[in-house]
Amino acid sequence: MSADASVTSSPPTSSESPANVRFEDLGLGPQLLQAVKDAGYSTPTPIQAQGIPPVLKGRDVIGIAQTGTGKTASFTLPMIEILARGRAKARMPRTLILEPTRELAAQVAESFEKYGKHHKLSMALLIGGVSFDDQDKKLDRGVDVLIATPGRLLDHFERGKLMLSGVQVLVIDEADRMLDMGFIPDVERIAKLIPFTRQTLFYSATMPPEIQRLTDQFLQGPVRIEVSKPATAATTITQIAVSVPADDWAKREALRRLVREEDVKNAIVFCNRKRDVDIVAKSLQKHGFSAAALHGDLDQSVRTKTLDAFRAGDIRLLVASDVAARGLDIPAVS
Ligand code: AMP
C-alpha cells in the first residue's frame, strides 16, 4: 500500500504551534510553570504558544478558537502573571472576564484556582445561582479577578456595588455565543464603562459580521490568532483508512502486515478498551515485534518506564488506550 496514492496532505498552516515551543519559552514566571506542571500539561497548545506572549506584552488579542483548544489557559495564565505585579483595591476589580453562561463562568473560575494556586489572588463570581451577598463582600474588599455573565454584572453595577474604572484587562469570551444569546448590547455597554486604556482579549469560535464590528470598535491593533478545531488532526499526520473484516484475528493480521510493509520506525497503536490493549500488545510480542502496553490500570511506575523505553527507541510499538496516551508528548513517532 502506498501512502501517497490515497492521501492528500496539506502544508502546516499558521494555526500550528511553532515547533518545539515549551511553556518555559512563553514568559511565564516559575510559580505558573509549576502550576502548569501540576496540571499535567507537557507542551502548550497552539493558542497558548501564540497567545500567551502577546498578552504578557499588553497587546489586545483576537483569538478565533473553540472550547477544547486550551484557550482558557491562554488568557488565565498570562493574566495571573500580570495580576501578580499589583494589588487589589476595594470595589474596583482589576480584571473582568465576561462569559455567556454560568457554567462557563464557573469553569473559568476553576481554571483560575488551578493555575493561580501558587499566587494569592482574590476572585469574585457574579452569576445566577451564586448569592449576591457573598460576592458583594468580596467585591467590597477588592478583587483581582471578576468573572461574570453580562446581565448579572450590569445588575450589580446599577446597584452601585461596583466600579469598573479600575479594570486593566477585559476578556470577552465565547463572543459568538453571546451574540446567539442576545447579550451583545450588554457587552457593548460594559465595554464602554471600562477605561479605553485597558487591554482587551476577545475570543470567539466564529467571526460573523456583528462580531467583527465589535472587535473593530473595542480592540486596538489586536494580534489575531486563529487555531484549528480541537478535533482535527495535526497537518503533519498523514491519515490512511484500511478496510479489514470485522474480526479480531483479521485486524491483528492487518496490523502486522502494515508494520512490516510500511516504513515504520516506531508507532502508537490505539485500542478502545484496556483489555484489547493487553491482547494486541501480547499478540505483537508473540509475533516477534518489540511492543508494550500502556493503559490506566498499569502502575504509574510501569507506565513511566514504558514511555521512557518508547521514547528511547527500546520499544518500537506502543499499544495504548486513548486515556493513557492523552496529551503524551513523544517527538518523532514515524
Ligand atoms: P479549554 O479549551 O480552555 O476549554 O481547555 C480544554 C481542556 O484542555 C481543559 O480540560 C484543559 O485542562 C486542557 N488543557 C489546557 N491546556 C493544556 C495543555 N497545554 N496540555 C494539555 N491539556 C491542556
Side-chain angles (χ1 to χ4, degrees), residues 55 58 60-63 72 75-76 78-80 82-83 85-113 116 120-204 210-211 213-220 222:
V55 176
D60 282 4
V61 168
I62 301 179
T72 314
F75 62 81
T76 44
M79 281 173 79
I80 293 169
I82 292 168
L83 286 165
R85 299 172 198 154
R87 287 201 61 217
K89 287 195 207 114
R91 295 228 189 135
M92 291 170 75
R94 297 166 65 203
T95 59
L96 169 64
I97 301 174
L98 295 176
E99 293 288 337
T101 66
R102 61 166 101 162
E103 288 76 19
L104 281 166
Q107 263 180 45
V108 172
E110 274 172 31
S111 295
F112 259 100
E113 266 158 18
K120 277 206 175 73
L121 296 178
S122 53
M123 177 171 73
L125 200 53
L126 293 180
I127 55 174
V130 171
S131 105
F132 265 18
D133 283 355
D134 285 356
Q135 304 306 305
D136 269 351
K137 278 188 206 124
K138 286 192 182 170
L139 286 168
D140 279 348
R141 271 183 258 138
V143 293
D144 296 302
V145 190
L146 174 58
I147 305 168
T149 48
R152 269 280 166 136
L153 181 87
L154 285 171
D155 280 354
H156 250 73
F157 184 77
E158 275 151 17
R159 293 191 304 123
K161 293 285 186 188
L162 182 66
M163 281 185 279
L164 294 174
S165 50
V167 172
Q168 294 153 22
V169 182
L170 167 66
V171 180
I172 301 170
D173 193 21
E174 305 263 334
D176 49 356
R177 274 179 83 182
M178 302 253 201
L179 177 71
D180 292 342
M181 296 170 81
F183 290 165
I184 295 300
D186 284 351
V187 172
E188 290 191 83
R189 263 193 71 199
I190 294 166
K192 285 177 186 156
L193 293 169
I194 301 175
F196 77 98
T197 49
R198 67 167 188 259
Q199 181 179 7
T200 308
L201 312 177
F202 192 99
Y203 300 89
S204 192
E210 299 92 323
I211 296 293
R213 185 181 61 77
L214 211 62
T215 60
D216 292 347
Q217 190 184 355
F218 289 117
L219 279 78
Q220 298 179 42

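Just so you know, these numbers come straight off a predicted model, no measurement behind them.
- Looking at Arg94, its side chain does come within 3.5 Å of a backbone N or O of Leu83 through a donor-acceptor pair.
- Taking both residues in full, the closest heavy atoms of Pro150 and Glu99 are given as CD-O, 3.5 Å, listed atom of the first, atom of the second, then distance.
- Side chains of His156 and Leu139 form a contact here, defined as non-hydrogen atoms less than 4.5 Å apart.
- Of all heavy-atom pairs spanning Ile82 and Val55, the tightest one is CD1-O, 3.7 Å.
- For the pair Val108 and Phe112, the minimum side-chain heavy-atom distance is below 4.5 Å.
- In this structure, Lys89 NZ and Ser165 OG are separated by 8.5 Å, a value rounded to the nearest 0.5 Å.
- Atom CZ of Arg85 is surrounded by more than 12 heavy atoms from other residues, nucleotides or ligands within 6.0 Å.
- With rounding to the nearest 0.5 angstrom, the CZ atom of Phe218 is 13.0 Å from the CZ atom of Phe196.
- Using modelled atom types, one side-chain atom of Arg198 and one backbone atom of Ala191 make a donor-acceptor pair closer than 3.5 Å.
- Considering all non-hydrogen atoms of both residues, Gly182 and Pro185 come closest at O-CD, 3.7 Å.
- Taking all atoms of both residues into account, the shortest heavy-atom contact from Thr72 to Ser111 is CG2-OG, 3.5 Å.
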Given side chain to side chain contact (heavy atoms under 4.5 Å, CB included), test Leu121 with Ile80 step by step and report yes or no. CA-CA 8 Å; Leu121 296 178; Ile80 293 169; 3.7 Å; yes
Verdict with reasoning, Met178 to Leu98, per side chain to side chain contact (heavy atoms under 4.5 Å, CB included): CA-CA 9 Å; Met178 302 253 201; Leu98 295 176; 3.8 Å; yes
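- Side-chain N or O atoms of Gln135 include none that pairs as donor or acceptor with a backbone N or O of Leu126 at under 3.5 Å.
- One N or O on the side chain of Arg152 and one on the backbone of Ile127 form a donor-acceptor pair closer than 3.5 Å.
- Taking NZ of Lys120 as the reference point, atom CZ of Arg87 lies at 11.5 Å (rounded to 0.5 Å).
- In this structure, Leu154 CG and Arg159 CZ are separated by 12.5 Å, a value rounded to the nearest 0.5 Å.
- Side chains of Thr95 and Leu170 form no contact here, defined as non-hydrogen atoms less than 4.5 Å apart.
- The two atoms that bring Ser122 and Asp144 nearest to each other are N-OD2, 2.8 Å, heavy atoms only.
- Note that CG of Leu179 and CG of Leu214 are 9.0 Å apart. Values are rounded to the nearest 0.5 Å.
- Side-chain contact between Glu210 and Ile184 is absent, with no heavy atoms from C-beta onward closer than 4.5 Å.
- To the nearest 0.5 angstrom, Leu153 atom CG is 12.0 Å from Ile147 atom CD1.
- The shortest non-hydrogen separation linking Leu164 to Pro195 is O-CD, 3.5 Å.
- Under the 4.5 Å side-chain criterion, counting only non-hydrogen atoms from C-beta, Tyr203 is not in contact with Ile172.
- Ionic pairing of Arg213 and Glu188 is present here: one or more N-O contacts between side-chain nitrogen and carboxylate oxygen are shorter than 4.0 angstrom.
- Remark: the backbone N or O of Leu219 is not paired with any side-chain donor or acceptor of Asp60 at under 3.5 angstrom.
- Proximity of Val61 to Gln199: side-chain heavy atoms (C-beta onward) are nowhere separated by under 4.5 Å.
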As a quick check of understanding, evaluate side chain to side chain contact (heavy atoms under 4.5 Å, CB included) for Met123 and Glu113, giving each step before the final call. CA-CA 9 Å; Met123 177 171 73; Glu113 266 158 18; 3.4 Å; yes
Let's go through Ile97 and Phe75 carefully: what are the C-alpha distance in whole Å and the side-chain angles of both, what is the deciding distance for side chain to side chain contact (heavy atoms under 4.5 Å, CB included) to 0.1 Å, and is it a yes or a no? CA-CA 10 Å; Ile97 301 174; Phe75 62 81; 4.0 Å; yes
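- Evaluated for a side chain to side chain contact (heavy atoms under 4.5 Å, CB included) with Val167, the options Leu146, Leu193, Ile190, Ile194 yield exactly one hit, Ile194.
- Proximity of a side-chain donor or acceptor of Asp176 to a complementary backbone N or O of Ser204 within less than 3.5 Å is not detected.
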